[in-house]
Amino acid sequence: MVKFISAQETLALRSIQLRNGLPLADCIFDTDEVDGAFHLGCFIDDELVVVASFFPHRFKIETAPGYQLRGMATAPAFAGKGYGRKLIDFAKTQLHATDAQYLWCNARTSALEFYKKQGFELASAEFEIPGVGPHYQMILKLNLS
């Protein structure tokens with residue numbers, strides 16, 4: 001089941017999956033509490049197995065309003081089982097209530113195929129985020145009709 005969670009609840013999976021076990025305080029994003037931000041978690045038998053954060057932020061080449069997806073992380077035992085897709089689908093439903101025309105992210109190169117399967121398209125060449133690794137910017141146009 002996918003539901004809204006607090007930014008605090010995202011930190012453990014962010015630490016383990018995205019930041020090589022850094023202390024939770026080092027896994028807080030400056031965008032976690034901005035106006036319009038929300039955080040989602042997918043639970044299986046009360047265990048939080050996927051997290052992601054969303055906040056209003058225009059993509060560099062877009063003039064329409066959009067949201068950025070950040071900090072998506074899946075517990076290793078639950079990867080590849082469709083839970084990330086469920087979370088993205090839930091987020092798209094929530095974004096219909098905003099004026100967002102698209103969702104974009106800095107996708108890890110290792111997650112490129114996952115995002116492509118969700119309908120995201122490449123929007124940049126590969127680039128390196130220092131201390132994190134190689135990424136691509138990707139964008140998903142939202143069907144608001």
Side-chain angles (χ1 to χ4, degrees), residues 1-44 46-96 98-142:
M1 168 182 34
V2 177
K3 63 182 183 178
F4 291 98
I5 61 173
S6 68
Q8 184 71 27
E9 290 172 284
T10 69
L11 299 181
L13 272 176
R14 282 183 191 173
S15 172
I16 293 165
Q17 292 304 113
L18 305 178
R19 297 296 186 256
N20 296 317
L22 283 176
L24 298 186
D26 293 338
C27 299
I28 296 170
F29 298 150
D30 58 352
T31 54
D32 278 342
E33 302 297 336
V34 299
D35 191 36
F38 63 94
H39 311 277
L40 297 177
C42 182
F43 291 81
I44 304 300
D46 295 325
E47 182 179 355
L48 183 58
V49 300
V50 184
V51 298
S53 298
F54 303 82
F55 64 98
H57 187 231
R58 282 194 169 106
F59 185 62
K60 61 185 175 185
I61 60 171
E62 294 286 337
T63 56
Y67 263 68
Q68 184 176 352
L69 160 61
R70 192 167 183 202
M72 187 164 188
T74 302
F78 296 90
K81 298 182 189 264
Y83 301 120
R85 177 186 46 77
K86 287 181 182 183
L87 189 140
I88 294 291
D89 288 345
F90 187 96
K92 289 191 292 189
T93 300
Q94 297 309 307
L95 291 171
H96 282 283
T98 74
D99 59 353
Q101 303 292 308
Y102 56 88
L103 176 63
W104 71 278
C105 65
N106 291 323
R108 288 175 184 257
T109 298
S110 61
L112 193 63
E113 290 308 312
F114 166 78
Y115 287 107
K116 284 182 178 179
K117 287 178 184 175
Q118 310 320 306
F120 283 79
E121 297 178 358
L122 286 174
S124 76
E126 187 178 53
F127 63 97
E128 184 82 16
I129 296 179
V132 179
H135 285 70
Y136 288 89
Q137 290 180 320
M138 300 188 79
I139 192 165
L140 173 68
K141 300 292 183 172
L142 297 172

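The structure presented is a predicted model; accordingly, all values stated were derived computationally and were not measured. Hydrogens, waters and symmetry mates are skipped; everything else that's a heavy atom, side chains included, is used. One-based numbering along the sequence shown.
Taking K3 as the reference, nothing meets the salt bridge (Lys or Arg N to Asp or Glu O under 4.0 Å) condition, with sequence neighbours excluded. Under the salt bridge (Lys or Arg N to Asp or Glu O under 4.0 Å) criterion, E128 pairs with no residue, sequence neighbours left out. E121 is linked by a side chain to side chain donor-acceptor pair (under 3.5 Å) to nothing, counting only residues two or more places apart in sequence or in another chain. Taking the side chain to side chain contact (heavy atoms under 4.5 Å, CB included) definition, one finds that H57 meets it with F55, Q68, W104, sequence neighbours left out. Partners of R85 according to the salt bridge (Lys or Arg N to Asp or Glu O under 4.0 Å) rule, which considers only residues two or more places apart in sequence or in another chain, are D89. Not counting sequence neighbours, K86 has no partner by the side chain to side chain donor-acceptor pair (under 3.5 Å) test. In this structure K81 satisfies the salt bridge (Lys or Arg N to Asp or Glu O under 4.0 Å) test with no other residue, sequence neighbours excluded. Looking at residues two or more places apart in sequence or on another chain, you find no side chain to side chain donor-acceptor pair (under 3.5 Å) involving Q8. Contacts of A79 classified as side chain to side chain contact (heavy atoms under 4.5 Å, CB included), with partners at least two apart in sequence or in another chain: T74.
A heavy-atom distance below 4.5 Å is found between the side chains of L122 and L112. Side-chain atoms of Q94 and F4, non-hydrogen and from C-beta on, do get closer than 4.5 Å to each other. In this structure, the side chains of S6 and H39 stay at 4.5 Å or more apart for every pair of heavy atoms. Using a 4.5 Å heavy-atom cutoff, the side chains of T10 and S53 are in contact. For the pair L69/Y115, a side-chain contact is recorded, criterion being any heavy-atom separation below 4.5 Å from C-beta on.
The backbone N or O of L22 lies less than 3.5 Å from a partner atom in the side chain of S15, making a donor-acceptor pair. Of the possible polar contacts, one joining the Y102 side chain to the A64 backbone as a donor-acceptor pair under 3.5 Å is found.
The side-chain hydrogen bond (donor to acceptor under 3.5 Å, both in side chains) contacts involving residues 17-29 comprise nothing, where partners must be two or more places apart or lie in separate chains. Listed by first and then second residue, the salt bridge (Lys or Arg N to Asp or Glu O under 4.0 Å) pairs that reach into residues 30-44 are R14-D32, D30-R70, sequence neighbours excluded.
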**Prompt:** Can F38 and L95 be said to form a side chain to side chain contact (heavy atoms under 4.5 Å, CB included), step by step?
**Reply:** CA-CA 10 Å; F38 63 94; L95 291 171; 4.0 Å; yes
**Message:** Checking L103 against F120 for the side chain to side chain contact (heavy atoms under 4.5 Å, CB included) test, could you report, in this order, the C-alpha distance in whole Å, the side-chain angles of both residues, the deciding distance, and whether it holds?
**Reply:** CA-CA 8 Å; L103 176 63; F120 283 79; 3.7 Å; yes
**side chain to side chain contact (heavy atoms under 4.5 Å, CB included) assessment of F114 paired with I88** = CA-CA 11 Å; F114 166 78; I88 294 291; 4.1 Å; yes
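Here the closest non-hydrogen pair linking P56 and A37 is CD-N, 3.9 Å. Minimum interatomic distance between I5 and L40 (heavy atoms only, all atoms of both residues): CD1-O, 3.6 Å. Pairing each heavy atom of G71 with each of F29, the nearest pair is CA-CE1, 3.7 Å. Summarising the geometry of I44 relative to V49, their closest heavy-atom pair is CG1-CG2, 3.7 Å, with the distance given to 0.1 Å.
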Enumerate donor-acceptor pairs with a distance under 3.5 Å from any side-chain N or O in residues 130-140 to protein atoms, sequence neighbours excluded.
from : atom 1 : to   : atom 2 : distance (Å)
H135 : ND1    : G133 : O      : 2.9
Q137 : OE1    : K60  : NZ     : 2.9
Q137 : NE2    : N106 : OD1    : 3.4

